[in-house]
Every structure is written in structure tokens, then in C-alpha cells.
Amino acid sequence: MPDQSVQPAPDPYDALLLLSFGGPEGPDDVVPFLENVTRGRGIPRERLKEVGRHYFLFGGVSPINAQNRELLHALRKDFAEHGLDLPVYWGNRNWAPYLTDTLREMAADGHRRILVLATSAYASYSGCRQYRENLADALAALEGEGLPLPRVDKLRHYFNHPGFVRPMVDATLAALAELPEDRRAGAHLAFTTHSIPTAAADTSGPVEAHTEDGEGGAYVAQHLDVARLIADAVREETGVERPWRLVYQSRSGAPHIPWLEPDICDHLEELHGEGAPAVVMVPIGFVSDHMEVKYDLDTEATAKAAELGLPVARASTVGADPRFAACVRDLVLERAATERFAEGRAAAAPERCALGALGPSHDVCPVGCCPARSPRPAAAGAD
Ligand SMILES: CC1=C(CCC(=O)O)c2cc3nc(cc4[nH]c(cc5[nH]c(cc1n2)c(C)c5CCC(=O)O)c(CCC(=O)O)c4C)C(CCC(=O)O)=C3C
Ligand SMILES: [Fe+2]
């Protein structure tokens with residue numbers, strides 16, 4: 001990781017906002033939470049009932065809020081240990097603490113230059129622009145209340161930062177070790193992420209990255225880069241070349257609209273048919289072991305594998321790994337240094353740390369990046 005300790009100052013930023021999805025914390029929260037998530041998004045009733053059932057299986061509690069509290073704690077600890085004086089707040093899109101309430105609190109506490117860390121590492125409408133729309137909505141609410149408006153900037157995508165990739169390499173090795181010993185050497189790797197409509201995938205990332213052929217634009221390219229990095233590192237560690245593939249999970253929406261495929265369960269069936277001895281599922285698309293991981297992989301896909309008699313193990317996500325907290329610190333210091341350079345207050349632009357073939361992502365989303373189906377105001381970007 002680059003050493004930005006020369007100037008450990010967050011200047012010009014005065015606070016960090018952890019911006020996440022939010023999840024229900026008890027049975028009474030499930031239906032209102034799902035209404036928040038799906039408002040105006042055309043999700044079939046049947047799918048909603050099914051997803052509600054997943055939450056009720058877990059007592060109506062999503063793991064995501066507890067995991068964000070742990071991440072908050074890890075960030076504050078890392079910042080304190082490294083002399084980075086930057087308060088960290090937390091707000092969500094779909095459940096309390098709601099983003100607007102958090103932003104109001106931040107403004108009341110006097111913060112004027114806020115950096116945002118979204119709990120999504122990749123480009124896509126759902127993982128990037130939709131959070132920028134949420135920020136615009138929250139700022140508009142504050143403006144309506146006559147409050148001073150802070151300026152918000154969003155940290156760049158961190159899918160290829162070593163502090164995100166390396167914990168997943170270790171997690172993949174740990175999952176391999178959970179498989180029966182005689183199945184380990186031949187085990188396949190199935191990298192999974194959230195399926196999204198192919199139309200959304202094709203328009204993900206900056207306009208230059210858009211594709212028209214269903215190849216999935218920046219969303220798929222970024223995931224493939226991470227999958228390859230992990231597969232290569234695991235091969236180096238174990239001395240075994242393993243077949244791997246990027247597959248999808250958690251498909252939603254109407255059946256006639258194409259989404260990214262294959263689904264993890266179909267992929268397991270296919271691998272079983274080909275005689276694969278075992279599979280490790282690596283949920284590279286997610287930052288914590290939330291409901292999409294606990295239900296879609298640990299419950300549904302694991303039951304499918306058991307039915308097939310195919311041994312599977314699942315790698316954990318980065319969660320509150322100290323290396324991920326250090327990655328966030330690195331990105332904060334990098335962006336602060338970039339801003340100081342842009343303002344003519346530093347002699348050079350900072351080093352930008354990234355693994356893989358794609359290089360560090362842009363700081364500011366350009367015009368047309370990850371467009372919405374119906375355009376709405378978005379903050380922290382060029383449009
Ligand atoms: C790309 C992506 C990420 C990863 C990036 C990121 O993290 O942001 C993600 C994360 C998450 N998605 C989550 C939950 C849900 N997502 C839904 C619906 C949808 N997700 C989509 C995409 C994504 N989703 C899409 C295109 C839809 C269709 C509706 C629409 O076009 O918006 C629905 C509605 C029911 C259903 O349709 O499944 C639910 C309940 C939770 C919380 C889990 C917990 O509670 O622990 C998390 C972290
Ligand atoms: Fe989702």
C-alpha cells in the first residue's frame with residue numbers, strides 16, 4: 001500500500017460517511033423495509049413474498065446492520081491508531097439510521113466537506129449512481145429545512161484495492177481447507193455477485209465502457225478482474241491450477257427481462273454434471289456476509305449442492321477485516337491529497353493503489369456513468 005503518512009491529514013475533508021443499504025432488525029420491520037427497497041422498481045409481488053420469507057427465516061433480522069456497526073468500529077479504531085482525525089458517521093438507503101437523518105446530524109455538527117464510502121465496491125446503477133441519487137435527495141431535504149449544505153464527494157471504487165482483494169484470497173484458501181481433503185485439489189472456484197439486468201450491466205461504468213452485446217460493461221469487467229486476481233493468488237499459494245467462473249445470484253425482476261447469468265444454482269448443477277469434485281463459492285460482489293450471502297448462498301445454493309451430493313464451502317467477505325479498514329484509510333488520504341493537489345496546495349498528485357488490469361477507478365463519476373432508467377438528480381458526480 002502506498003505510504004501517504006507524509007501527509008496523514010484528511011484536509012480538506014472533515015468527516016467520513018459510511019453509506020449502506022440498511023436492513024430490517026425484527027419481524028415488524030420486514031414489510032416496510034421491502035417497501036422502501038422496491039418503491040417504484042417494478043418487482044413482482046411473488047418475488048417480494050419470497051424475499052420476505054428469507055428474512056423471516058432469520059427472525060426478521062438482516063445481518064447487514066450489525067456488520068456495518070462492526071465496520072464503523074474497525075474504521076474508528078484504524079483511524080485512531082494511525083493518527084487520522086476524521087469522525088465516521090453511518091447512514092442507509094433503506095432503513096434506520098436513514099441517510100437524511102445522518103446527513104442532518106453531520107451538518108448540525110458543523111461538517112462541510114464530507115467523503116462518502118459506499119458499501120459497494122463496483123460500478124453499477126444499484127451500487128453507485130443510486131447511492132448518489134440518495135445523497136442528492138438527502139441534500140435536497142436539508143436544503144428544504146434551510147440547513148447549511150455540506151459538500152459531498154464519493155470515494156472511488158475499491159474492487160481492485162489490495163485491502164479488498166487480499167482478505168478474499170485468504171478467505172478462499174480458508175474455504176478450500178474446509179472441503180474434504182480428497183476433494184480439495186480438484187475443487188472449482190465459483191465467484192459470485194448480484195445479478196443485475198443485462199441492460200444495466202451493459203451501461204455500467206463510464207460511457208466508453210458501455211457495451212451493446214450483453215458483455216456487461218464495467219460491472220462484469222471489474223468482477224472478472226477481481227476473480228482473476230484471486231484465482232491467480234490462490235494458484236500461487238496452493239500450486240494448483242483450478243477452473244473458475246464468474247456466476248450470479250439473487251436475481252429479481254420480471255422473468256421476461258434478461259439478467260446476468262448463469263445463476264449459481266444452475267452453475268453448481270452444471271459442474272456436478274461435468275464431474276467436478278467440489279466447489280468453493282466466493283462472493284466477491286459483496287462487502288459483508290449479509291442476507292444475499294446468508295440466504296442465497298449459505299441456505300439456497302448450499303441446499304442445492306447437498307441435493308446433488310456436491311461438497312461446497314463458501315468464502316467469507318471482507319466484513320470488518322483490519323486490512324479493509326486500512327484500505328479505506330488509504331483511499332481517504334489519497335482523495336484528500338488529490339483535492340489538495342487540485343487546489344494547488346500540494347506539489348504532486350498522490351500514488352493511487354490498484355491491482356489487476358484495469359487500474360485505479362475515477363474519483364468523480366463522469367457524465368452518463370451507470371445511468372438510471374429514468375434520470376434523476378445525483379450528487380457527487382459530473383451529472
Ligand atoms: C448490484 C446490487 C447489490 C450489490 C451492491 C450493493 O451492495 O449496493 C445489491 C445489494 C443488496 N441488495 C439487498 C437487498 C435487496 N435487493 C433487492 C433488489 C435488487 N437488488 C439489485 C442489485 C443489487 N443489490 C437489483 C437490481 C434489485 C432489483 C430491484 C432494483 O432494481 O432496485 C431487494 C428487493 C427484493 C428482490 O427483488 O430481491 C432486496 C431486499 C441487500 C441487503 C441484504 C441484507 O438485508 O442483508 C444488499 C446489500
Ligand atoms: Fe439488492
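Numbering of ligands and ligand atoms starts at 1, following listing order. Below, all heavy atoms of this structure are taken into account, side chains as well, without hydrogens, waters or symmetry copies.
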**Taking atom 16 (N) of ligand 1 as the reference point, the nearest protein heavy atom with its distance** = Phe21 CZ, 3.7 Å

**Asked** Out of Thr38, Thr119, Leu19, whose heavy atom is nearest to atom 34 (C) of ligand 1?
**Response** Thr38

**Prompt:** Do the side chains of Leu34 and Phe21 join up, straight or via other hydrophobic residues, at under 4.5 Å, putting them in one cluster?
**Reply:** yes

**Request:** Flag Arg41 as yes when one of its N or O atoms lies below 3.5 Å from any N or O atom of ligand 1, and as no otherwise.
**Result:** yes

**Request:** May I ask you to check whether Ser252 has an N/O atom sitting below 3.5 Å from an N/O atom of ligand 1?
**Result:** yes

**Prompt:** For Glu334, which of Arg329, His161, Arg156 qualifies under side-chain hydrogen bond (donor to acceptor under 3.5 Å, both in side chains)?
**Reply:** Arg156

**Asked** Can you tell me which residue and heavy atom of the protein come closest to atom 27 (C) of ligand 1, and the distance to 0.1 Å?
**Response** Trp259 CH2, 4.1 Å

**Asked** Is there a donor-acceptor pair under 3.5 Å between the side chain of Arg323 and the backbone N or O of Val318?
**Response** no

**Message:** Please list, in number order, the atoms of ligand 1 under 4.0 Å from a heavy atom of Val51.
**Reply:** 35 (C), 36 (C), 38 (O), 40 (C)

**Prompt:** Hey, does the side chain of Asp266 reach the backbone of Pro262 with a donor-acceptor pair shorter than 3.5 angstrom?
**Reply:** no

**Asked** Taking only heavy atoms of Leu34, which atoms of ligand 1 are found under 4.0 Å from at least one of them?
**Response** 40 (C)

**Request:** Check whether the ring centres of Phe58 and His54 lie less than 6.0 Å apart, and answer yes or no.
**Result:** no

**Complete:** Near Val37 (heavy-atom distance under 4.0 Å), the atoms of ligand 1 are 17 (C), 33 (C), 34 (C), 39 (C)

**Fill in**
Ranked by distance from atom 10 (C) of ligand 1, the top protein heavy atom is His194 CD2, 3.9 Å

**Identity and separation of the nearest protein heavy atom to atom 44 (C) of ligand 1** = Ser62 OG, 3.1 Å

**Candidate with minimal heavy-atom separation from atom 28 (C) of ligand 1, of Asn68, Asp296, Val30, Ile43** = Ile43

**Prompt:** What atoms in ligand 1 come closer than 4.0 Å to a heavy atom of Ile196?
**Reply:** 1 (C)

**Prompt:** If you measure every N/O of Ser124 against every N/O of ligand 1, is any gap under 3.5 Å?
**Reply:** no

**Prompt:** Using a distance-only test with no angle check, is there a side-chain donor-acceptor pair under 3.5 angstrom linking Glu292 and His194?
**Reply:** yes

**Prompt:** Given Tyr55, Phe286, Tyr295, which has its nearest heavy atom closest to atom 43 (C) of ligand 1?
**Reply:** Tyr55

**Message:** For a quick check under 3.5 Å, do Asp153 and Tyr13 share a side-chain donor-acceptor pair by atom type?
**Reply:** yes

**Message:** Tell me if a side-chain donor or acceptor on Arg184 pairs with a main-chain N or O of Ala177 at a distance below 3.5 Å.
**Reply:** yes

**Prompt:** Are any of the heavy atoms in Tyr131 under 4.0 Å away from ligand 1?
**Reply:** yes

**Prompt:** Tell me, do Tyr125 and Ile196 make a side-chain contact under 4.5 Å, heavy atoms counted?
**Reply:** no

**Message:** Please confirm whether Phe58 approaches ligand 1 to less than 4.0 Å, judged on its heavy atoms.
**Reply:** no

**Message:** So, regarding Arg47 and ligand 1 (criterion: nitrogen or oxygen to nitrogen or oxygen, under 3.5 Å), is there a contact or not?
**Reply:** yes

**Asked** Are Leu71 and Val165 connected in a single hydrophobic cluster, I mean Ile/Leu/Val/Met/Phe/Trp/Tyr linked by side-chain heavy atoms less than 4.5 Å apart?
**Response** yes

**Asked** Cation-pi between Arg93 and Tyr131: NZ/CZ under 6.0 Å from ring centre and within 45° of the ring axis?
**Response** yes

**ligand 1 N/O within reach of Arg373 N/O, cut-off under 3.5 Å** = no

**Asked** Do Asp296 and Ser250 have a side chain donor and acceptor closer than 3.5 Å?
**Response** yes

**Message:** Using a 3.5 Å cut-off on N or O atoms only, is Met291 in polar contact with ligand 1?
**Reply:** yes

**Prompt:** Do His111 and Tyr89 pass the ring pair (Phe, Tyr, Trp, His ring centres under 6.0 Å) test, and can you show the C-alpha distance, the side-chain angles, and the key distance before you say yes or no?
**Reply:** CA-CA 11 Å; His111 299 303; Tyr89 291 74; 5.4 Å; yes

**Item:** Nearest-neighbour protein heavy atom for atom 48 (C) of ligand 1, which is reported as residue plus atom name and distance
**Value:** His290 NE2, 3.3 Å

**Asked** atom 5 (C) of ligand 1: which of Ser120, Pro63, Ser195 has the nearest heavy atom?
**Response** Ser120

